[in-house]
Amino acid sequence: MTPTLRATPRPLNAARPDGRTGRGHRLFAVALALAAALRALVMLGYDTAQLYWYDSFTYLDTALHLRPNGAFHPAGYSWFLWLMRPFHSVEVIAGVQHLIGLGVGVMIYVLLRRRSLPGWGATLAALPVLFDPSFLRLEHAILSDTQVIALVVGALLAVMWRETVSVRLAALAGLLLALAGLTRTAAVPLIGLALLHLLIRRAGWRPFVAMALAGTLPLAAYAGWYAQHHGRFALSGSDGVALWARTMTFADCSVVKPPPREAPLCPNGTVVDAASEYVWAPTASLNRLPGGRFAHNDLARSFAVRVITAQPLDYLAEVVKDTSLAFTWEPVPHPRRMNPTTSFPRGSWALPEQHALIGEVRRAYDTDIRGMRSVEPFASLLAAYPYPWFLHGTLFGVLLLAGGIGSVGRRRPALLPWAFAMFLLVAPVAALDFDHRYVLPAIPLACVAAALALAGTPRPRRRPAPREETTAPR
């Protein structure tokens, strides 16, 4: 009797033509090319980088003098501006930041492909950072946000590059997160979240120690440098001022009963429409103390902690209420003087020339510094570019929900990017106030978390096809 003949098994990659071949990257290559073209159009549509008073000029001033700023901004972004100083051009800085923005999209794509997502799924997750006008406008401005996003996404890529985190990758992730924290202090606690991730994954003590040292030593060194200039071991001199402003929307000193030293910081009848506005309101209680607001940072922190301890539910309600503004179908101005949008504006934006700092930075860094204006016909093309707000707001909430669901389970592939996204969303609100700009660093991380969550969803098993058999005639 002749033995039974069975059909030859189908090759493993035949069922997945989008596998690890060049064909799987074509969709992303097209998306990346279109994103690069859009950024080129932005460079043509605006005649220089966008500079904001006070933020942009304090960053540039720190780059010129290489000393830590005593108020809000640590020096991480200013170090980047110092490296770019030989070009003497804020427009060149904008061009480099546009390349960094493209790099963030590439990192998201690479991370998700490493995690076995198909090309179309990894491309879809990278689309917001590649095409949302809010990201492109940040890249075109002298602001630290693009650098923070790139550093955090880079750290996430290092941690998740392999199933088992090596010592070198753990150290690289810790260093990148430290640099993110020195660019914006709200990112500092991400080091703790990453270390907790290593503990949950049982990565071993060597990667844990490597990440801890690489993440904390740069922060300690910077705090020592800050102390040399400002007499205080810290990363900035504004944490207390910010937290005090956060409490001004609900503080009730009849409940708090602060000691006499802190009582002058109680609400004094000044009412503004957002917590952050109290920092700058000249009639607010802190700003009426002699010496300026930042001279009383420690006192403001002590008062704010006392208020939060006495009114925890009021504090939580304010944080939840303001955080919810990130998920609206239509943009909500906060504060009312701001006009949030996902479109590209047309017009001109002058600088407040009466400030001496602007003249100093212009002389020493870029003599061509001026207010930005839109350039036709490119500005009209940009203005016609459609990007609905719900893709920026409501969809962001859906992505966070999906990522949160994917963070539950045995392997929890979405847990770390989801935790990063949630922290970067809520922390600025808890420490000061909601700002539409501060939401942006959380969006790429939410996209990664949602993609990992959906990719890890169990699929129903298909019944195996019957095996084909042929029998030779007798």
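Positions are given from 1, in the same order as the sequence printed here.
The closest donor-acceptor contact from the side chain of T323 to the backbone of V320 lies at 3.5 Å or more, if one exists at all. H65 places a side-chain N or O within 3.5 Å of a backbone atom of D61 that can act as its donor or acceptor partner. Distance alone, capped at 3.5 Å, is enough to place a donor-acceptor pair between the T58 side chain and the Y54 backbone. Proximity of a side-chain donor or acceptor of E360 to a complementary backbone N or O of A364 within less than 3.5 Å is not detected. Judged by distance alone, the side chain of R370 and the main-chain N or O of D368 form a donor-acceptor pair under 3.5 Å. Looking only at distances, a side-chain donor or acceptor of H436 sits under 3.5 Å from a matching main-chain atom of V332. Using modelled atom types, no side-chain atom of T342 and backbone atom of S134 make a donor-acceptor pair closer than 3.5 Å. D47 places no side-chain N or O within donor-acceptor distance of the main-chain N or O of M372, the cut-off being under 3.5 Å. In this structure, the side chain of R362 does not engage the main chain of D366 through any donor-acceptor pair within 3.5 Å.
In this structure, a donor-acceptor pair under 3.5 Å is absent between the side chains of T62 and R67. Side-chain atoms of D435 and H334 include no donor-acceptor pair closer than 3.5 Å. There is no side-chain donor-acceptor pair under 3.5 Å between Y46 and H140. Looking only at atom types and distance, the side chain of H98 has a donor-acceptor partner in the side chain of E139 under 3.5 Å away. Side chains of S144 and Y59: a donor-acceptor N/O pair is present below 3.5 angstrom, by distance only. Of the N and O atoms on the side chains of Q147 and T183, at least one donor lies less than 3.5 Å from an acceptor on the other residue.
By the 6.0 Å and 45° rule, R301 does not stack over the aromatic ring of W244.
Sorted by first and then second residue, the pairs that involve residues 355-377 and meet ring-ring contact (aromatic ring centres under 6.0 Å, His included), not counting sequence neighbours, are W53-H355.
By the ring pair (Phe, Tyr, Trp, His ring centres under 6.0 Å) test, H88 is found to be paired with no residue, residues two or more places apart in sequence or in another chain being considered.
Taking the charged nitrogens against the carboxylate oxygens, D322 and R246 do have a contact shorter than 4.0 Å, which makes a salt bridge.
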